[in-house]
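Structure first, then comments.
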Amino acid sequence: QVQLDESGGGLVQAGGSLRLSCAASGRTFSTYGMGWFRQAAGKEREFVAAISRTGDSIVYADSVKGRFTISRDNPKNTMYLQMNSVKPEDTAVYYCAAAKSGWAGDSVGRYNYWGQGTQVTVSS
């Protein structure tokens, strides 16, 4: 069992930057594949980025490629999402997720644990 706690969300102007953090409980963080997803109002949850347990495999949604960077610090039990050049369409609740398999990519069904989410609002 792992508990995930997102932070760092808020209001940012278009073109600005924001860094989200996902803190995990427990001693097994380094064994989990991790991912970021987002859900805008009235829309389905969508994949943003994923990172393997060692950090050597990373994948991004096309919509954020080149603007967002996912990373993790296993000794600190924390994953990050650096968001640069944000756009109004990035407005959503952002969720972090953990996969016991060590890698789940963009497959939402392969993630076992989810955080409560943090709101990101981008103003134009």
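- If you chain together hydrophobic residues whose side chains sit under 4.5 Å apart, Val64 and Val86 fall into the same group.
- Residues Lys65 and Asp62 are paired through a salt bridge, judged by an N-O separation under 4.0 Å between the basic side chain and the carboxylate.
- Linking Ile, Leu, Val, Met, Phe, Trp and Tyr residues whenever their side-chain heavy atoms come within less than 4.5 Å places Met83 and Val122 in a single cluster.
- Formation of a donor-acceptor pair under 3.5 Å by the Thr121 side chain with backbone atoms of Thr91 is not found in this model.
- Taking OH of Tyr94 as the start and OG of Ser7 as the end, the distance is 15.0 Å to the nearest 0.5 Å.
- Tracing side-chain contacts under 4.5 Å through hydrophobic residues (I, L, V, M, F, W, Y), one never reaches Tyr111 starting from Ile58; they form parts of separate clusters.
- For the residue pair Gln3/Asp5, the side-chain donor-acceptor check at 3.5 Å is not satisfied.
- At distances below 3.5 Å, at least one donor-acceptor pair connects side-chain atoms of Glu6 with backbone N or O atoms of Cys96.
- Between the side chain of Asn74 and the main chain of Thr54, no donor-acceptor pair closer than 3.5 Å is present.
- Under the 3.5 Å distance criterion, the side-chain polar atoms of Asn112 are matched with a main-chain donor or acceptor of Lys100.
- Side chain of Arg110 to backbone of Trp103: a donor-acceptor contact under 3.5 angstrom is found.
- Note that the CZ atom of Arg19 and the CD atom of Gln82 stand 7.0 Å from one another [nearest 0.5 Å].
- Enclosure of atom CD in Gln13 is not indicated, since only 12 or fewer non-hydrogen atoms of other residues, nucleotides or ligands lie within 6.0 angstrom.
- Atom CD of Gln116 sits in a sparse spot, with 12 or fewer heavy atoms from other residues, nucleotides or ligands closer than 6.0 Å.
- Distance check, rounded to the nearest 0.5 Å: CG of Leu81 to OH of Tyr60 gives 8.0 Å.
- Within the 4.5 Å cutoff, side-chain heavy atoms of Arg67 are placed close to those of Asp90.
- Note: the hydrophobic cluster containing Trp114 also contains Phe47 (ILVMFWY, side chain heavy atoms under 4.5 Å, direct or indirect links).
- Outside the 6.0 Å centre-distance limit, the rings of Phe68 and Trp36 are not counted as a close aromatic pair.
- Because its NZ or CZ atom is not both nearer than 6.0 Å to the ring centre of Tyr32 and within 45° of the ring axis, Arg72 does not count as a cation-pi partner of that residue.
- The only option from Ile70, Thr78, Leu4 that meets the side-chain contact (heavy atoms from CB on, under 4.5 Å) definition with Met34 turns out to be Leu4.
- Within the model, atoms CG of Asn77 and SG of Cys22 stand 10.0 Å from one another, a figure rounded to the nearest 0.5 Å.
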